[in-house]
Structure formats: structure tokens, C-alpha cells
Amino acid sequence: MNLTAELQWRGLLHDIMPGTEELLNKEPVTGYIGFDPTADSLHIGNMVPVMLLVHLQRAGHNPIALIGGATGMVGDPSGKTAERNLLDLETLRHNLACQEKQLRKFLDFETTKNPARIVNNYDWFQHLGFLEFIRDVGKHITVNYMMAKDSVKNRLEQGMSFTEFSYQLIQGFDFVHLYRTLGVRLQMGGSDQWGNITTGTELIRRMEGGEAFAMTAPLVKKADGSKFGKSEGGNVWLDPAKTSPYKFYQFWLNVADEDASKYIRIFTLLTQQQIEALEAEHAQAPHLRILQKALAADITERVHSKDDLEQALEASQILFGQGTTETLQRMQEETFLSVFEGIPQHQVSKAQLSEGIDAVTLLSEATGVFPSRGEARKMIQGGGVSINKEKLADENQRFNTETLLNGKYILAQKGKKQYFLIVAS
RNA sequence: GGGGAGAUACCAGAGUGGCCAAAUGGGACCGACUGUAACUCGGUUGAGAAAUCUUCGGAGGUUCGAAUCCUCCUCUCCCCA
């Protein structure tokens, strides 16, 4: 199956420039996608462009991931309703390094045939002077053309700085530079990047008399129309320090059926046959969440590791399976810790505990699980709190060292899904 | 440069001297149902056991009493030039 057909059935194809498909079918093409260093980790939304590169490489083409050391200094106005804050250089550099490390996990840099590459546009922008740039690049694009882009048009009312206005030229010149130096003829990205990408192909036509192509993936949304990639705590990050593998796994496990079908196509490399088989199986017994489990397992293993996946599975089993106070008590400390590695931890002093402590104080003042006593009390009264998997009926119930699992831990639970580990020390 | 409108809790948005810890909607969290769903329904959403205390852009003031009135400051938006 060729690349465009593959992307098509996976729901990864939104817009494609005429001639792109023909080019891809004819010869190996070098294509790139830019990543914006706004944070020190990629999040799952960034996995869409990552998958585009993965598919590009699997189809025998040459993928390049561009990290935006220069573009990150300016700030992409696409999809933004207000002017962005600039990042300082140090943050930027740190973010770039972190993202690069993550990108390396998904692409094959070792193959001799069509190895992936990473480039940083700061490398070619740092020595390019402003006069030189507006003379050599800016001369080829009219302000009228630039204003017609949605990213600019949408901001005309509220205003936008010259800095952000010029963003598309910077990104457009990346394309020119890569066209010249590495023979890049394709740029991909999210659908919000279409405007920036076409400024690039336009520049290539005018500056080089060359032809370059574009392809974008749709913006991923949830079935209910809300934004994809957020969980209670905010973004779902690839960095295990920001989103633990357990939480990461749980995020995917909890997606709606409709979304699971969609996401498994987008984020995994399972074949159409495999996916359809899973869907058929899922339809037989939706409560087993076959699709969600397959999706969560596949992506957790690829983003983190097999070990991380196994621990996430084990933790999920204990937390949501038949886990009782007894099973918790029987667990070895080592297993216990590895299972609960990803959940938030709070400290309590052993001395305080051995004197005996009531539930409200334990969960608020002593540990900070709840920000105030009132909130802890209300939640307990509402039947929303469990200790060591046992529902707390009385806010005045007292605890002491007897409560500790393995002589050290208390497992607190707010609602069904939010766990907190209280460590006595 | 001229004229006008406004700033209220996570967001939107009422309230224009006491009955206001502040309507209503959304969001968030909890509960019931369920598939660790969706839908629906119920509860909670400044702190405190309570008395009470701290909140309505900021600083002062008037008043027995201020989100509400006055003064100054900061910021935002709209219209005209």
C-alpha cells in the first residue's frame, strides 16, 4: 500500500497538495516536519506528526525532524488568539534537547537505506542577518499574500506583533533551506500548519524555481468535540517524570469507544486487518475494552518500555481489579512500590501517626492530599474517600501505625480513579 | 488626540447601600447507574466544627453598614479622528 493510501485509511490525511501523491509513488522523497520547542517534553498531541514521519520512513522515504531553535524564538501564531510570550534562550535550549531525545525513540536513525535525521533551524538562522533576510527572502512574498493566511487574518482585529507576523517567512525559509541543502521536497504537519507550509512552497517556487509539496494531518479531537490530549492534570506528556507510565496507560484505557477506533489507527502501527479484528471482538463485549487495552498497551510500550507497560498493567489490575485491603497487605514492598510508582506521594511523620490521627487531619493538614480540612470532610461525607481500598464512612475515624501497609504506606483514594500514596517516615 | 463602556469566584455572567460568601449557566470534583465508559440523575465547588474571618482590578474615603456611593491609580474594550 502506498503512503497516501496508508495515511488515508488511518485518518491521518487532511490536505494534500496536487502532485504530492505522484511524487511519492515515483521516487524516495525527503520530507520534514517541524516541532515547536514550547515545552521540555513532547505531549501526545505531538505524536500525530511523529507518526507521519514514522509512516514516511516505513514507506521508504527519508524523514527529517526539524526542531525549531529559531522558529521557537519567534512564536507561531497559528491557532493562537493572542500574542505569545517569548521563551528565554536557556529554556529554549533545554526544551530542544529534551524533545530531540524523545524524537529519537520513534524513528530509525541506524538504517543505511533511509535513516532519519534531526536538524535545528537555529543552525542556519543564527548567522543570517536581518537585512540579508528581508532582502533575499522577504522580497519574494507580498504582505498581501501573508495577510491572507488564517493565522494572520484571525488576528487582524486584536492585533499581532511584527514578530509573529513574520513567523511564516521564517518557517517558509526553513523549507527553502532544506530544499537547497538536503533536497527536501515535502513538508508535513498538522492542518493548522497548512498556511505556513504553503508559504514555504511558494518561496521555493519564487526563489529556486522549484516545486515542493505539502501534506497535513487533521487536528485530532475527541468524540465529544473537546480537545484531545488533556487529562485531569492537563497535558499528557511523553516524559515519564511529567506523566507517569501508569497515568499514560490509564489515559488511553479511558478513551471513549469511538475515539479508541480512531486513535488506534492514528497512534499505532497495527494493520487494518488487525484493527478490524479487534473492533469486531470489541463489539462482541464492549465492557472488556479490548480496543482501549490494545491501544493503551501498544502506545505505552512504544513511548515508554515493555517494563513500564507491565508495571502499569499490574498497577491497574490491583487498583481497578479485585484489589482489597488484603491483597494490598500481602504485597511485597518492592512490588508495592513499583506498582505505585506513578501515583502522587505525600509524607506523614511516623510519630504523628503512632499517636493516632483522625481521617480529616491525616488527609489535609498532615499530608496535603486535600488542600483544606473542609474539603476533606465534605469529600468523606459524600462517600468519596477510601483508605487502603476501604471506603471511609466516618470523618472522625482514627488511624495509627496499624493502618500502614508494609509498615510504611497508606493508600488513599479520592473517588474511583485518583490514588495517593501516603508514606510514613 | 476626542468621546464612551467596563474590570465580580476556574470561566462566562447577574447583582448598583443592609435580606450578598455574592443569582444563573458552563467547567471541575464526588456519589448513584455503568464497561475504570457515554447518557441521566443527585451533591459539592473561599477558610473554619462553629462563632466568625478573608473576598467583588489596586489604594484611600463617605456611612451604623459598601461588590454597590466618592477620589486617585492601573488595566481592558468600543466608537470617532
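Letters A, B, ... mirror the listed sequences (proteins, then strands); counts begin at 1.
Counting to the nearest Å, the C1' atom of B:rA49 and the CD atom of A:Glu365 are 12 Å from each other. In this entry the distance linking CG of A:Asp257 with P of B:rC39 reads 13 Å, nearest Å. In this structure, A:Lys414 places its NZ atom 8 Å from C1' of B:rC30, rounding to the nearest Å. At whole-Å resolution of the value, CG in A:Asp259 and C1' in B:rA38 are 11 Å apart. Atom CG of A:Leu392 is separated from atom C1' of B:rG31 by 15 Å (rounded to the nearest Å). Note: CH2 (A:Trp252) to C1' (B:rA37) measures 17 Å, nearest angstrom. Across the protein-nucleic acid pair, A:Lys417 atom NZ and B:rG31 atom P stand 11 Å apart, rounded to whole Å. The CD1-P distance, from A:Ile380 to B:rC30, rounds to 14 Å in whole Å.
The side-chain heavy atoms of A:Phe420 and A:Ile343, taken from C-beta on, include no pair separated by under 4.5 Å. A 4.5 Å side-chain heavy-atom check between A:Arg302 and A:Ile299 finds at least one atom pair inside the cut-off.
When both pairing distances are held under 3.5 Å, B:rG35 makes no Watson-Crick or G-U pair with any nucleotide shown. Remark: B:rA50 base-pairs with no nucleotide in the shown strands. Criterion, Watson-Crick or G-U wobble with two distances under 3.5 Å. Checking B:rA28 for Watson-Crick or G-U wobble geometry (two distances, each under 3.5 Å) identifies B:rU44 as its partner. Across all strands shown, B:rC77 forms a Watson-Crick or G-U wobble pair, both distances under 3.5 Å, with B:rG4. With a 3.5 Å ceiling on both atom-pair distances, B:rA67 lacks any Watson-Crick or G-U wobble partner. Under the Watson-Crick and G-U wobble criteria, each requiring two contacts below 3.5 Å, nucleotide B:rA22 is left unpaired.
Contacts of A:Glu21 classified as side chain to side chain contact (heavy atoms under 4.5 Å, CB included), with partners at least two apart in sequence or in another chain: A:Asn2, A:Thr4, A:Asn25. A:His61 meets the ring pair (Phe, Tyr, Trp, His ring centres under 6.0 Å) test with no other residue; sequence neighbours excluded. Legend: residues meeting side chain to side chain contact (heavy atoms under 4.5 Å, CB included) with A:His177, ordered by chain and number and at least two apart, are A:Trp124, A:Phe173, A:Thr181.
Side chain of A:Ser316, nearest nucleotide from B:rG35, B:rU36, B:rC30: B:rU36.
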Check nucleotides 32-34 of chain B for protein N or O atoms closer than 3.5 Å to its own N or O atoms and list the pairs.
unit_1, atom_1, unit_2, atom_2, d
B:rU34, O4, A:Lys416, NZ, 2.6

side-chain hydrogen bond (donor to acceptor under 3.5 Å, both in side chains) evaluation trace for A:Asn121 with A:Asp174: CA-CA 7 Å; A:Asn121 58 9; A:Asp174 279 341; 2.8 Å; yes
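Atom P of B:rC10 sits at a distance of 14 Å from the matching atom of B:rU45, rounded to the whole Å. Comparing the P positions of B:rG26 and B:rG42 gives a spacing of 12 Å, expressed to the nearest Å. Only the C1' atoms considered, B:rC56 is 8 Å distant from B:rA9, to the nearest whole Å. Comparing the C1' positions of B:rU68 and B:rA21 gives an interatomic distance of 16 Å, to the nearest angstrom. With both ends at atom P, the span from B:rA81 to B:rA14 equals 30 Å, rounded to whole Å. Comparing the same atom, C1', in B:rU54 and in B:rU8 gives a spacing of 16 Å after rounding to whole Å. Nucleotides B:rG17 and B:rA67 are separated by 11 Å at their C1' atoms, to the nearest Å. Only the P atoms considered, B:rA22 is 13 Å distant from B:rA51, to the nearest whole Å.
Remark: A:Ser372, A:Arg373, A:Gly374, A:Arg377, A:Lys378, A:Met379 in residues 372-379 of chain A come within less than 4.0 Å of RNA chain B through at least one heavy atom. A heavy atom closer than 4.0 Å to some atom of RNA chain B occurs in A:Arg289, A:Gln292, these being the qualifying members of residues 289-312 of chain A.
Counting only N and O atoms by type, the side chains of A:Gln329 and A:Asn406 include no donor and acceptor under 3.5 Å apart. In this model, no donor atom of one side chain and acceptor atom of the other lie less than 3.5 Å apart for A:Gln418 and A:Gln413. For A:Tyr249 and A:Lys293, the side-chain atoms include no donor-acceptor pair closer than 3.5 Å. For the residue pair A:Glu100 / A:Asn120, no side-chain donor-acceptor distance below 3.5 Å is found, with atom types taken as modelled. With 3.5 Å as the limit, one finds no donor-acceptor pair spanning the side chains of A:Asn196 and A:Lys149.
A:Glu258 comes within 4.0 angstrom of nothing in the nucleic acid, heavy atoms only.
Both tests pass for A:Arg104 against the ring of A:Phe109: distance under 6.0 Å to the centre and angle within 45° of the axis.
In summary, of the residues considered (A:Leu13, A:Ile16, A:Asp15, A:Leu12), a side-chain contact (heavy atoms from CB on, under 4.5 Å) with A:Thr216 occurs for A:Asp15 alone.
Separation of the A:Phe336 and A:Tyr409 ring centroids falls under the 6.0 Å cut-off.
When each of A:Gly415 and A:Pro286 is assigned the nucleotide of RNA chain B with its nearest heavy atom, A:Gly415 is the one assigned upstream, toward the 5' end.
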